[in-house]
Amino acid sequence: MTIALVRHGQTAWNFERRLQGTTDIPLNDTGREQAATVAPRLTGTWDVVVSSPLGRARETAQIIADALGLELGGTYPDMVERHYGDAEGATAQMVLENWPDHQYPNLETEESVIERGMRGIEEITRDHPGKNVLVVSHGTLIRLTLSHLSGTTVPPLENCSVSVIEATDTGWSLLDAGTARTTPSLETALSGPTAR
């Protein structure tokens, strides 16, 4: 079984470099173009597209499914983005002014994000045994989950990047982490250990 973890397309808050987290911000036109553009790059045999329930992930999944002629499967609440607490909606400048230590009130812990990411992958695996699944999710959740799976630090991911994991006899193997960047991310701008 192979799973490709795709970060959703761009939103207005991505463009404005705001911490988005669990706030349900829709794709912008650039994000829709990114989703349409990434679909032909998803080479190989895929059986179904699933996603986080947040609108930006679901719309990205729908665009990819339509482009590839695939079934749009269910949503997985465990695959939503990290909750950034009181900092959601804040720009990089606002974060640096208000929380220079990146200790946002009500911030979800990295451990909680990893636990959710692993639980989501397990649920997707149970629901689609032996199938190759495209999972549209969110940058921090994907990055932290991949870092946990691989034992390495995966850097911030751009919108519509694709990372691939494969089931093995002993767990999951990271085949590719979609780390190519064309513009600095908000995570890079913040660069704090809890801002990832």
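Quantities reported herein were computed from a predicted structural model and do not represent experimental measurements.
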Does the side chain of Thr125 reach to within under 4.5 Å of the side chain of Lys131, using non-hydrogen atoms?
no

According to ring pair (Phe, Tyr, Trp, His ring centres under 6.0 Å), does anything in residues 105-143 pair up with another residue at least two apart or in another chain? List the pairs.
His8-His138

Do any N or O atoms from the side chain of Glu88 and from the backbone of Thr22 form a donor-acceptor pair under 3.5 angstrom?
yes

Do the non-hydrogen side-chain atoms of Thr91 and Arg17 ever get within less than 4.5 Å of each other?
no

Check whether any side-chain heavy atom of Tyr76 sits under 4.5 Å from a side-chain heavy atom of Val135, and report yes or no.
no

Flag side-chain contact, heavy atom, 4.5 Å: Thr37 against Cys160:
no

Closest heavy-atom pair and its distance - Ala35, Thr60:
CB-CG2, 3.9 Å

How long is the straight-line distance from OG1 of Thr45 back to CG of Leu68, given to the nearest 0.5 Å?
11.0 Å

Taking the side chain from Thr23 and the backbone from Ile25, do they hold a donor-acceptor pair closer than 3.5 Å?
no

Give a yes or no on whether the backbone of Gly55 and the side-chain of Asp24 come within a donor-acceptor separation of less than 3.5 Å.
yes

Looking only at non-hydrogen atoms, find the nearest pair between Trp46 and Ala4 and report the distance.
CH2-CB, 3.5 Å

What heavy-atom pair brings Ala90 and Val95 nearest, and what distance separates the two atoms?
CB-CG2, 3.9 Å

Between Val154 and Ser150 the two heavy atoms that sit nearest each other are CG2-OG, 4.4 Å

Connected via hydrophobic side-chain network under 4.5 Å: Val49 and Val162
yes

Is Ile121 close to Ile165 at the side-chain level, that is, under 4.5 Å between some pair of heavy atoms?
yes

Between Gly9 and Asn14, what is the shortest heavy-atom contact and its length?
O-OD1, 3.8 Å

Say whether, by atom type as modelled, one donor and one acceptor occur between the side chain of Gln34 and the main chain of Gln10 under 3.5 angstrom.
yes

Decide side-chain contact (heavy atoms from CB on, under 4.5 Å) for Met1 and Thr168; before the verdict, give the C-alpha distance in whole Å, the side-chain angles of both, and the deciding distance to 0.1 Å.
CA-CA 8 Å; Met1 179 177 189; Thr168 69; over 6 Å; no

Does Arg119 pair with Glu115 as a salt bridge, N-O distance under 4.0 Å?
yes

Please find the pair of heavy atoms, one from Gly21 and one from Tyr84, that lie closest to each other, and give the distance.
CA-CD1, 3.8 Å

With rounding to the nearest 0.5 Å, note down the distance linking CG in Leu157 to OG in Ser163.
5.0 Å

Distance col, row Arg126:CZ vs Glu123:CD, nearest 0.5 angstrom, shows 6.0 Å

How far does CG of Asn159 sit from OG1 of Thr11, to the nearest 0.5 angstrom?
7.0 Å

Look at the side chain of Glu81 and the backbone N and O of Leu141, then say whether any donor-acceptor pair between them is shorter than 3.5 Å.
yes

Any chance you could measure Leu107, atom CG, to His83, atom NE2, to the nearest 0.5 Å?
8.5 Å

How far does CD1 of Ile114 sit from CG of Leu149, to the nearest 0.5 angstrom?
9.0 Å

Answer with yes or no whether the hydrophobic clustering places Leu175 together with Leu42; edges join I, L, V, M, F, W, Y residues whose side-chain heavy atoms lie under 4.5 Å apart.
yes

Does any part of the side chain of Leu27, heavy atoms only, come nearer than 4.5 Å to the side chain of Ile63, both counted from C-beta?
yes

Quick one: does Arg116's side chain have a donor or acceptor within less than 3.5 Å of a partner on Val80's backbone?
yes

Taking the side chain as every heavy atom from C-beta outward, state whether Glu108 and Thr140 have any pair of such atoms under 4.5 Å apart.
no

Following the transitive rule for hydrophobic clusters with a side-chain heavy-atom cut-off under 4.5 Å over Ile, Leu, Val, Met, Phe, Trp and Tyr, establish whether Leu54 and Val6 coincide in one cluster.
no

Any donor-acceptor N/O pair, Ser112 side chain to Thr109 backbone, under 3.5 Å
no

Quick one: are Asp86 and Tyr104 in side-chain contact, heavy atoms under 4.5 Å?
no

Output all residues satisfying salt bridge (Lys or Arg N to Asp or Glu O under 4.0 Å) with Glu16, sequence neighbours left out; order by chain, then residue number.
Arg18

If you measure only the distance, is there a donor-acceptor pair under 3.5 Å linking the side chains of Arg58 and Ser51?
yes

Are the side chain of Ser137 and the backbone of Met79 linked by a donor-acceptor contact shorter than 3.5 Å?
yes

